[in-house]
Amino acid sequence: MLKPIPALKDNYIWVYGRENCPVIVVDITEIDRLLPFLRENKFGVEAVLLTHKHDDHVGGVAAFKRYFPDVPVYGPQECADKGATHIINEGEIVTPHYRIRVIPTGGHTPQHVSYVTDGHLFCGDTLFSAGCGRVFTGNYAQMYDSVQRLKNLPDDTLVCPAHEYTLSNLAFAESVLGDKSAVKNQQVFVARLRAQNRPSLPTTLALEKQINPFLIAENLAQFEAWRKAKDQF
Ligand SMILES: [Zn+2]
C-alpha cells in the first residue's frame, strides 16, 4: 500500500505499508487528512520518517504525537527540535516490519536525508519528478553529490517526492533538454492526470533518467547552471 496524501498547496505526505502491517508515514505537513485516512483504514503506525526541517514537512508532527505518542519519529539532526525522537543521519533503521536505508542527501538543507525501503525512495525535497529541490544552503556540490547517490539506486525504484511540481518541472525540462519525446509524452500524460486532480507520483528512476535534467546533467557545472536557471524560470 502506497498513498500520497495531499497537504497544503502542493505537498504530499507519503504513507507506505506492507500488507497487514502497520504503516510508515513520511513527513507530516499537517494531520487534517492524514488522521482520517489512518482511521478509515484502521492503520497502525510503526514509524514516522522526517526528511528535513522545513515547516511544510514537520509542521504536523506535534499534533500527530498527541494521537500517537508512542510512535518513533526518525529524522536528521536538524529535526531534533521538530519532534524527532530518533536522530539518524545515515545508515539503517530496523523496525519490527521494515528495514529502511537512510541516505544523506544534503543540499536543499545541509542535513536532508532520504529513505529507501522495499524499493520505494522517499526523497523529500531532494529529487522531484523532472526536477530537483532548490539549493537553500548555496552548496551545489553537496546537492549534486546527493542526486548522484540517488541516481545509483536500481532503475525500478519507485520515487516518492514530497511535492507535486511535475508539470512546471517538465516545462523547464523541455526548455533545457529540447524537443525530447520522453518529456513531451510525459507532459501529455501528467496534464491528463492533473486535470483529474490525480497525483503525478510516484515515478520511477528509469523514467526520471529520461526526463529529469538534474539526473541527465553531465557534471557539476551543468547541474549548477540548470539549477540556477530553474530558480529564474
Ligand atoms: Zn523543504
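Keep in mind it's a predicted model, so treat the numbers as computed, not measured. Indexing begins at 1, ligand by ligand and atom by atom, following the structure's order.
- Distance alone, capped at 3.5 Å, is enough to place a donor-acceptor pair between the Arg227 side chain and the Cys132 backbone.
- His108 has its side chain within reach of His54: a pair of non-hydrogen atoms, C-beta onward, lies under 4.5 Å apart.
- Around the Zn ion (ligand 1), the protein atoms of type N, O or S that sit closer than 2.8 Å are His52 NE2, His54 ND1, His108 NE2, Asp125 OD2.
- Distance check: Thr126 OG1 to His52 NE2 gives 8.0 Å after rounding to the nearest 0.5 Å.
- Just one of Ser114, Pro202, Pro161 meets the side chain to side chain contact (heavy atoms under 4.5 Å, CB included) condition when paired with Leu121; it is Ser114.
- Counting only distance, with no hydrogens or angles, the side chain of Thr29 and the backbone of Asp56 share a donor-acceptor pair below 3.5 Å.
- Ring geometry, Phe214 versus Phe223: the interplanar angle exceeds 60°, so the pair is classed perpendicular (tilted spans 30 to 60°).
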